[in-house]
Amino acid sequence: MGTDDLFKKRRKKREPRKSGFKQPKANSYLIVTEGEQTEPLYFKGIQKLIQEKIGGTVDIVELPFIDIRGEGRSTGKLIEKTDEIVNKATVMYQNIWVVFDKDDFEDFDRAIQDGINRGYKIAWSNQSFEYWIYLHFNYSDSALHRNEWNDKLDEIFSQYGLANGKYQKNYENIYELVNTYDGVNTAIKNAKRRMTDFFNSKKEKPSEYDPGTTVYLLVEELKRYLDE
């Protein structure tokens with residue numbers, strides 16, 4: 001066998017290693033949510049609007065790559081699942097967000113810190129994502145059980161004649177529904193108002209700040225593509 005043939009053979013053996021290399025993906029988002037319905041459907045609503053606005057443009061703004069996973073897992077388990085998704089992904093995500101609620105889980109604070117330690121961004125809600133939805137219509141600093149937030153949303157959906165007049169977790173157009181009256185901007189404003197004391201004091205744990213939500217941080221990041 002000649003030297004050239006030997007070189008080609010060795011090169012072929014090395015080539016498969018390239019498949020293990022993760023290409024950094026600029027302008028990319030991985031959003032992993034605890035819920036399998038409301039949360040992923042909400043963010044898919046934003047994703048759809050971004051695609052509609054930017055998808056047809058040329059050399060203006062790069063269309064962001066947004067990967068949304070509704071995993072149906074809680075707190076610490078969701079962090080572990082995010083690790084799994086990241087490790088198996090063929091791309092290196094620029095922004096990794098994990099979205100989950102406190103509900104009645106005792107590992108809420110630990111899961112938030114674990115995620116931060118891994119370099120993930122956490123969009124948490126205490127008690128539930130429904131508090132974030134409620135802020136699209138009204139401000140509140142009342143500590144209510146998640147079932148009570150659902151009841152309040154029932155009243156709001158009935159009052160505004162949204163969907164069938166009742167809040168449900170499986171509305172595919174949930175983002176559009178709650179944004180009917182500029183609700184998203186209202187929610188961001190209300191959430192910032194509520195979270196000011198939390199971030200200024202730096203004393204309370206997320207589990208002790210009820211109600212509270214940092215979902216607006218993720219929404220602001222995505223919404224900038226719509227506001228440009």
Side-chain angles (χ1 to χ4, degrees), residues 31-46 68-79 81-82 97-116 120-160 162-163 166-179 183-184 186-195 197-199 204-220 222:
I31 303 173
V32 185
T33 73
E34 170 191 355
E36 296 179 278
Q37 295 181 311
T38 309
E39 294 96 322
L41 290 172
Y42 182 94
F43 292 112
K44 285 178 181 178
I46 306 179
I68 302 169
R69 310 285 189 95
E71 291 297 328
R73 304 187 186 208
S74 60
T75 51
K77 293 294 183 182
L78 194 64
I79 299 297
K81 182 61 180 179
T82 302
W97 281 88
V98 188
V99 184
F100 58 81
D101 303 340
K102 179 183 181 296
D103 291 333
D104 294 322
F105 297 105
E106 296 180 357
D107 62 344
F108 183 64
D109 296 318
R110 184 170 64 253
I112 292 173
Q113 192 57 53
D114 285 348
I116 293 173
Y120 303 153
K121 300 178 183 180
I122 310 297
W124 57 264
S125 295
N126 185 5
Q127 282 194 358
S128 69
F129 191 79
E130 276 66 32
Y131 173 63
W132 163 251
I133 297 294
Y134 180 84
L135 293 179
H136 287 66
F137 304 92
N138 298 305
Y139 175 79
S140 179
D141 56 9
S142 299
L144 303 178
H145 189 271
R146 59 183 179 277
N147 292 339
E148 294 178 278
W149 289 120
N150 289 344
D151 293 340
K152 284 187 170 294
L153 288 175
D154 278 343
E155 296 173 3
I156 288 174
F157 272 55
S158 176
Q159 176 186 348
Y160 288 94
L162 300 175
K166 183 177 177 62
Y167 171 70
Q168 295 178 353
K169 290 179 173 291
N170 61 348
Y171 289 131
E172 292 187 1
N173 62 335
I174 184 64
Y175 182 86
E176 179 183 349
L177 287 173
V178 299
N179 195 37
V184 176
T186 299
I188 292 172
K189 179 184 69 176
N190 286 336
K192 285 182 175 180
R193 175 185 170 187
R194 175 57 185 159
M195 296 305 294
D197 289 340
F198 176 82
F199 287 120
E204 296 179 87
K205 298 178 181 178
S207 62
E208 297 171 349
Y209 201 73
D210 185 7
T213 182
T214 60
V215 172
Y216 74 94
L217 296 172
L218 170 54
V219 174
E220 277 191 316
L222 297 175

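For this chain, numbers begin at 1 and follow the sequence in order. Fair warning: this is a prediction, and the values are worked out from it, not measured in the lab.
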Work out which heavy atom in [X] is nearest to a heavy atom in [Y]; give both atom names and the distance.
X: G35; Y: P40; result: O-CD, 3.3 Å
X: E204; Y: F198; result: O-CE1, 3.1 Å
X: S125; Y: T213; result: OG-OG1, 3.0 Å

Side-chain ([X]) to main-chain ([Y]) donor-acceptor, under 3.5 angstrom:
X: T214; Y: I122; result: yes
X: Q113; Y: R110; result: no
X: S158; Y: D154; result: no
X: Y139; Y: T186; result: no
X: R194; Y: P211; result: yes

Are side-chain heavy atoms of [X] and [Y] found at a separation under 4.5 Å?
X: F129; Y: K169; result: no
X: V32; Y: V99; result: no
X: K121; Y: L217; result: no
X: Q127; Y: L144; result: no
X: Y171; Y: L177; result: yes
X: W132; Y: Y216; result: yes
X: F43; Y: T38; result: no
X: R73; Y: E36; result: no

Do the rings of Y175 and Y42 sit parallel, tilted or perpendicular, given the 30° and 60° boundaries?
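Taking Y42 first and then Y175, their aromatic rings stand perpendicular (interplane angle over 60°).
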Can you say whether the rings of F108 and W124 are parallel (under 30°), tilted (30 to 60°) or perpendicular (over 60°)?
perpendicular
Between [atom1] on residue [X] and [atom2] on residue [Y], distance to nearest 0.5 Å:
X: K102; Y: I112; atom1: NZ; atom2: CD1; value: 10.5 Å
X: I68; Y: T33; atom1: CD1; atom2: OG1; value: 8.5 Å
X: L78; Y: Y120; atom1: CG; atom2: OH; value: 10.0 Å
X: N190; Y: S140; atom1: CG; atom2: OG; value: 9.5 Å
X: R146; Y: N126; atom1: CZ; atom2: CG; value: 11.0 Å
X: K77; Y: K81; atom1: NZ; atom2: NZ; value: 12.0 Å

Taking the ring centre of each residue, are Y160 and F137 less than 6.0 Å apart?
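Yes, they do, as the ring centres are separated by less than 6.0 Å.
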Among D107, D114, D109, D101, which residue satisfies the side-chain hydrogen bond (donor to acceptor under 3.5 Å, both in side chains) criterion with T75?
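Answer after filtering D107, D114, D109, D101: D107.
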Determine whether more than 12 heavy atoms belonging to other residues, nucleotides or ligands lie under 6.0 Å from atom [atom1] of [X].
X: E208; atom1: CD; answer: yes
X: E176; atom1: CD; answer: no
X: E172; atom1: CD; answer: no

Between K44 and E39, is there a salt bridge with N-O shorter than 4.0 Å?
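Salt bridge between E39 and K44, a charged N being under 4.0 Å from a carboxylate O: no.
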Any chance you could lay out the side-chain hydrogen bond (donor to acceptor under 3.5 Å, both in side chains) test for E130 and Y167, step after step, and finish with the verdict?
CA-CA 10 Å; E130 276 66 32; Y167 171 70; 2.5 Å; yes
Steps toward ring pair (Phe, Tyr, Trp, His ring centres under 6.0 Å) verdict (H145, W149)
CA-CA 7 Å; H145 189 271; W149 289 120; over 10 Å; no
Are N147 and N150 close enough, and set up right, to give a side-chain contact (heavy atoms from CB on, under 4.5 Å), and what steps lead you there?
CA-CA 5 Å; N147 292 339; N150 289 344; 4.2 Å; yes
